[in-house]
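Report on the structure given below.
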Amino acid sequence: MIWFSLLVLIPLSAVIAAAGSGGWDRYFSVLGNDQTWAAVTLTVGQAAIVTLVNIVIGTVIAWVLVRDEFWGKRLLDVIIDVPFALPTIVAGLVLLSLYGPNSPLGIHWAFTENAVTLALAFVTLPFVVRTVQPVLEELEADVEEAAASLGANRGTILRRIILPSLAPAIAAGAALSFARAISEYGSLVLLSGNRPFETEVVSVRVLTFIENGNNGSAAALASVMLVVALVVIVALDLVQRRVARRG
């Protein structure tokens, strides 16, 4: 508890205390600012989109890695962790070189809203894969075979047997993906351009407050994003519990 308090509880308490020192007026002032509100809506919206994509694509990748055999499987399994290993600023530089003004692919997404989506998708890709993969490895194939022998089709097996078993892992990965996305900074610095009302995200807006000496507003905005993350985590937990019960 001492270690957890030093790492998590005390810093969070300090942020909340700094945010609350100005009362509700500070929150209204921060969120009432058009530039700040644009950054919040962009960040939350893009994080939600990327999380939904990761739920589908991440689960499919985990399924392929566990259930299929093909050449290069081990290499792919290692590459999945590259976003974890790369410093985020390096990831931003790599993405800028591929999708920037001189893109060798002919895709010029730098300094646009698509750049935000791309950067968030890159840094959050492994979360769902790595939470679903161990569960799939432990999932007994005998249950699926028994259901098939009783006349259940693939859709029924997926809906009634596989999905309920994977739901907690998918929800955990989705929660990690969303929380990571709304706090991302490094990979966006170079790629998005940080344009107010267009590509500026919350983390950049918080840094702007700090650089201007407005620590109270920075803490207020940070605490708002903390609440958003907690709400999403609770909502995902409720969804996975319902899916598990239906299975």
Side-chain angles (χ1 to χ4, degrees), residues 30-31 33-62 72 75-130 173-212 214 217-218 221-222 224-226 228-229 232:
V30 170
L31 295 180
N33 181 275
D34 292 339
Q35 186 176 345
T36 302
W37 184 248
V40 171
T41 54
L42 174 66
T43 303
V44 174
Q46 292 298 317
I49 292 172
V50 168
T51 300
L52 292 175
V53 171
N54 284 337
I55 288 174
V56 178
I57 302 301
T59 303
V60 171
I61 292 175
L75 178 61
L76 177 60
D77 199 22
V78 173
I79 292 176
I80 292 296
D81 290 328
V82 167
F84 281 157
L86 275 181
T88 54
I89 190 66
V90 176
L93 182 60
V94 171
L95 293 174
L96 182 63
S97 64
L98 288 177
Y99 304 103
N102 299 316
S103 170
L105 304 177
I107 303 175
H108 308 288
W109 280 0
F111 318 131
T112 67
E113 191 171 307
N114 290 331
V116 178
T117 308
L118 187 64
L120 297 185
F122 180 85
V123 299
T124 60
L125 171 64
F127 286 106
V128 175
V129 177
R130 291 313 186 203
L176 291 172
S177 176
F178 183 85
R180 179 73 174 82
I182 64 174
S183 62
E184 177 57 20
Y185 174 77
S187 63
L188 293 168
V189 173
L190 299 176
L191 190 62
S192 69
N194 306 319
R195 296 179 175 179
F197 301 101
E198 295 183 20
T199 61
E200 186 182 41
V201 295
V202 167
S203 57
V204 174
R205 191 66 180 145
V206 169
L207 180 62
T208 301
F209 281 135
I210 293 174
E211 290 176 341
N212 292 331
N214 196 350
S217 295
L221 184 54
V224 168
M225 299 310 293
L226 174 62
V228 170
V232 171

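In this chain, residues are counted from 1 in sequence order.
Taking the six-membered ring where tryptophan is involved, the planes of W109 and Y99 are essentially parallel, since the angle between them stays under 30° and well short of 60°.
A donor-acceptor pair under 3.5 Å is absent between the side-chain atoms of S187 and the main chain of G92, judged by distance alone.
Atom CD in Q46 sits 8.0 Å away from atom CG in N114 (nearest 0.5 Å). From L188, atom CG reaches atom CG of L95 across 9.5 Å, with rounding to the nearest 0.5 Å. Between atom CZ of residue F122 and atom OG1 of residue T117 there is a gap of 15.0 Å, rounded to the nearest 0.5 Å. Remark: R130 CZ to L125 CG distance equals 9.0 Å, nearest 0.5 Å. Rounding to the nearest 0.5 Å gives a distance of 8.5 Å between CG of L118 and CD1 of I107. A distance of 10.0 Å separates CG of L120 from CD1 of I49, quoted to the nearest 0.5 Å.
Across every non-hydrogen atom of V44 and V228, the tightest pair is CG2-CG1, 4.2 Å. Pairing each heavy atom of F209 with each of A218, the nearest pair is CB-CB, 3.8 Å. Closest approach of F178 and A48 over heavy atoms only: CE1-N, 3.8 Å. Shortest non-hydrogen contact noted between I182 and A229 is CD1-CB, 3.8 Å. Contact detail for T51 and S177: the closest heavy-atom pair is OG1-OG, 3.8 Å. A pairwise comparison of heavy atoms in L191 and A119 identifies CD2-CB, 4.1 Å as the closest pair.
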Pair E198-E113, side-chain contact (heavy atoms from CB on, under 4.5 Å): steps then yes or no: CA-CA 7 Å; E198 295 183 20; E113 191 171 307; over 6 Å; no
Stepwise side-chain contact (heavy atoms from CB on, under 4.5 Å) test for R195 and E200: CA-CA 5 Å; R195 296 179 175 179; E200 186 182 41; over 6 Å; no
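Inter-residue side-chain proximity for P104 and L98 is flagged as met; some heavy-atom pair is nearer than 4.5 Å. With a 4.5 Å cut-off on side-chain heavy atoms, I57 and V128 do not count as touching.
With sequence neighbours left out, R180 forms a salt bridge (Lys or Arg N to Asp or Glu O under 4.0 Å) with E184.
Checked against Y185 for a side-chain contact (heavy atoms from CB on, under 4.5 Å), the options T88, V201, V204 give a single hit: V204. Under the side-chain contact (heavy atoms from CB on, under 4.5 Å) rule, V202 has a single partner from L42, T41, T43, which is T43.
With a 6.0 Å radius and a threshold of 12 heavy atoms from other residues, nucleotides or ligands, N212 has its CG atom above the threshold.
Taking the six-membered ring for Trp and the full ring otherwise, the centers of F84 and F127 sit less than 6.0 Å from each other.
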